[in-house]
Amino acid sequence: MIAGVSTLIVLALVIVLVPLAPGWEAVRASFFDGEVFVRVFPDLLRAFLLDVAIFAWSVPMIFAMGLAIALARGNTNPALFPLRIFGAVYVDLFRGIPVVLLVYLVGFGIPGLGLSRPWNSPYIWGTVALVLTYSAYVAEVLRSGIESIHASQRNAAICLGLSERDTMRFVILPQAIRRVVPANMNMLVALQKDVALLSFIGPVEILRQAGIFKSLLANFTPYVVAAVIFLCVTVPATRYADYLLNRDRNARS
Amino acid sequence: MKTILTAAVLSTLASGALAAGHCAAGKTLTDGTLTIATGNPAYYPWVLNDAPEAGEGFEAAVAYALAEEMGFAAEDVTWVRTSFDEAIQPGAKNFDLNMQQYSITEDRDKVVDFSSPYYTAPQAVLTTKAIVDGGATATMESLKVLKWGVVASATALPIVMEVIEPDASPLVYDDNANVTAAIQAGQIDAALFDLPTALYLSAVVVEGGAILGQFDPAAAENPDQFGMLMPEGSELKACVDEALAAMTESGKLAEIEAQWLQEATGVPLIR
Amino acid sequence: MQDPRLSLRGVTKSFDDVQVLRGIDLDIAPGEMVCLIGASGSGKSTLLRCMNGLEPVDDGEVWLDGVDIAEPGFDLAPVRQRIGIVFQSFNLFPHMTAYENVALAPRRVLGEDARDRIEALFVRFGLADHINKYPDQLSGGQQQRVAVIRALAMRPQTMLLDEITSALDPELVGEVLDVLRQLRDDGMTMVLATHEMAFAREVADRVVFMDQGVVAEEGAPDAIFSAPERERTRKFLASVLR
């Protein structure tokens with residue numbers, strides 16, 4: 001009740017006071033132009049579908065790769081030591097390079113080696129760049145999740161005669177993955193924004209489309225529209241994840 | 001815009017009593033001589049063989065035609081060399097005019113004077129020899145089936161979208177370097193630049209680069225325009241603009257452009 | 001005495017610089033119930049973990065049905081099916097129901113859908129109502145009983161029980177001990193590390209007192225509890241039976 005009232009008061013103050021600022025008219029004209037909004041909205045929404053598509057096909061690959069790297073890093077078999085080194089190098093390398101650099105290097109560099117269409121597509125190699133970076137992060141998150149599972153869980157499984165593989169698959173991983181859902185949700189929100197970096201190597205997604213409109217119309221409203229479209233997706237997504245987490249927690253207590 | 005208007009007004013006034021040769025009298029560095037600066041070195045196709053005295057190449061040819069229009073004989077033209085950046089700086093100059101593809105911009109206009117434009121850069125199609133060998137020609141039908149790339153903020157995008165209307169949606173980039181990278185990666189077949197940029201990129205940057213054709217300059221909304229650079233407050237400016245207006249009127253300028261920028265470079269107009 | 005099921009000879013084990021087992025000799029006969037008693041840190045838990053190969057021994061032999069499982073490189077997976085073990089705590093997999101906890105190993109290791117057999121075990125140990133609950137919906141005593149059921153579902157010949165009541169509230173200890181009485185009546189071979197002296201005295205066939213990594217004294221429960229021969233056994237019993 002008190003929270004509701006105070007929220008209303010703050011909101012009312014913002015609505016009343018902000019337009020009183022001396023620069024408001026100019027800001028409104030270049031950032032909140034209604035006509036521009038209506039004109040660019042459909043095209044930006046269409047461009048956003050490309051962001052969604054890139055996101056959708058990247059996520060499964062990111063988690064598959066991240067899991068593979070986490071397992072490679074976590075294995076204790078002496079014969080597979082090279083795999084462990086590979087995992088460590090992979091994580092250090094791709095976490096250390098800014099995404100945008102990787103998008104350029106992979107997006108232009110690998111096709112430049114002489115691949116022919118459609119195998120040189122910026123969509124393919126831009127996606128590869130995203131997968132490399134984000135799988136390195138996901139691998140570390142998963143590994144921390146795996147390490148957070150008490151050793152006695154593994155002992156209990158091994159003592160039942162389960163193989164190392166089954167122990168990981170049925171006992172450790174399901175618990176580890178559940179434990180790192182919040183960290184991975186943050187990762188996905190970050191990914192959704194970084195998808196826009198693919199525009200640097202050509203694809204016209206929402207941010208690029210907004211930039212084009214900005215140049216054409218000399219108005220920043222397209223960026224505001226893009227931000228609104230982004231929020232319409234990311235806010236419900238994060239809220240839904242919170243809800244799932246809470247439900248999960250409540251069901252267990 | 002203002003300079004163009006001024007030029008138009010002046011040219012109307014000029015078409016009468018004032019003889020061109022008298023206009024420049026006493027206004028040049030050395031009386032009776034027109035001192036023109038070019039780059040060091042000066043490049044094809046603006047000046048051929050780095051020898052502006054020969055009058056070959058677009059800017060060299062324009063220089064001699066302008067001198068003639070202003071009443072100077074060819075032997076009264078003296079050439080000097082300046083670096084590109086040095087000439088844009090404020091301060092005393094050792095030339096009457098400087099021609100090395102200076103785009104007229106507001107910022108530059110504050111420290112130096114520009115003549116009215118002697119050249120409007122058309123948009124040109126940069127591609128590779130492989131695409132040309134593959135059968136691409138300077139026709140709209142041929143351009144439509146190419147995979148296009150274009151710089152986001154440039155004037156080129158509306159031409160691609162509304163004039164060419166390619167079958168596949170174009171890829172869009174932040175700057176020229178990214179476009180050429182995409183061409184070399186084989187991700188796009190062609191890109192649109194103003195002709196001077198396209199000539200430079202195809203000759204120097206893109207391996208196996210080629211220029212397929214150029215558009216009519218009128219097709220662009222805000223085309224790049226080249227002006228002759230003069231010291232700030234130059235008394236000669238009115239004379240130069242007057243002469244350029246006369247050359248435009250008579251078709252001399254267009255003739256020189258056709259000879260040196262279309263025939264000599266072999267970049268055909270796109271139909 | 002018939003051939004022992006489990007036979008330890010000169011088993012030693014160190015963690016870093018601390019020698020936890022200093023040469024253990026011990027035989028467990030089939031069907032025998034042996035209680036390990038001794039202070040915390042006397043090596044009871046480590047000894048149990050060496051019996052099924054969970055901890056590799058530094059030196060010595062561990063014979064199971066005539067095979068030395070302490071040989072380096074020995075495949076322990078089949079051994080672990082024959083020896084069930086239940087720990088003090090953290091036994092159950094929290095993301096699975098009680099039933100799923102029990103059914104996992106039979107399904108993956110034995111390739112058997114043991115639903116009927118598992119349900120019967122739940123009924124027998126009074127947990128039929130809790131079969132589909134998650135571990136955190138069960139009391140500590142119920143969780144330990146599920147852990148016993150889970151070990152039994154693999155049809156072990158021997159059960160190792162490592163202080164399985166020590167983490168429980170006192171009122172829950174009884175229900176778990178009842179399960180062990182039933183197992184003894186079934187003739188299960190059991191080795192039980194415990195602090196429940198009264199229970200050990202009641203059910204054990206033999207009591208083994210461990211002290212500082214060695215078997216300090218062993219014998220029938222009455223003998224150990226009523227007339228211990230060694231001074232340190234007496235001291236230990238005096239401290240826990242106050």
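In what follows, every chain begins at residue 1, and chains take the letters A, B, ... in the order their sequences are listed.
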(request) Please indicate whether C:F74 has more than 12 foreign heavy atoms, meaning atoms of other residues, nucleotides or ligands, lying under 6.0 Å from its CZ. (result) yes
(request) Please say whether more than 12 non-hydrogen atoms of neighbouring residues, nucleotides or ligands are located less than 6.0 Å from CH2 in A:W119. (result) no
(message) What's the separation between atom CZ in C:R108 and atom OG in A:S163, rounded to the nearest 0.5 Å?
(response)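 If I round to the nearest 0.5 Å, the distance is 7.0 Å.
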(request) Could you grab the distance from atom CZ of C:F93 to atom CD1 of A:I149, nearest 0.5 Å is fine? (result) 11.5 Å
Quick one: are [X] and [Y] in side-chain contact, heavy atoms under 4.5 Å?
X      : Y      : result
C:F87  : A:C159 : yes
C:L54  : A:N155 : yes
A:L162 : C:L104 : yes

(request) Grab the two heavy atoms, one from C:R107 and one from A:F170, that are nearest each other, plus how far apart they are. (result)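 Closest heavy-atom pair between C:R107 and A:F170: NH2-CE2, 4.5 Å.
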(request) Heavy atoms only: give me the nearest A:L160-C:M154 pair and the separation to one decimal. (result)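 Taking A:L160 first and C:M154 second, the nearest heavy atoms are O-CE, 3.4 Å.
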(message) I'd like to verify something: which residue of C:P135, C:A105, C:G84 has the highest number of heavy-atom pairs under 4.5 Å with chain A?
(response)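 Of C:P135, C:A105, C:G84, C:A105 has the most heavy-atom pairs under 4.5 Å with chain A.
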(message) What part of A:R169 gets within 4.5 angstrom of chain C, counting heavy atoms only: side chain, backbone, both, or neither?
(response)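 Only the side chain of A:R169 comes within 4.5 Å of chain C.
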(request) Select one option (side chain, backbone, both, neither) describing which atoms of C:L160 are under 4.5 Å from chain A's heavy atoms. (result)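 Neither part; nothing is under 4.5 Å.
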(message) If I measure from the heavy atoms of chain A, does C:R150 come under 4.5 Å with its side chain, its backbone, both, or neither?
(response)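 Answer is both: backbone and side chain atoms of C:R150 are under 4.5 Å from chain A.
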(request) Look at the side chain of A:Q153 and the backbone N and O of C:L92, then say whether any donor-acceptor pair between them is shorter than 3.5 Å. (result) yes
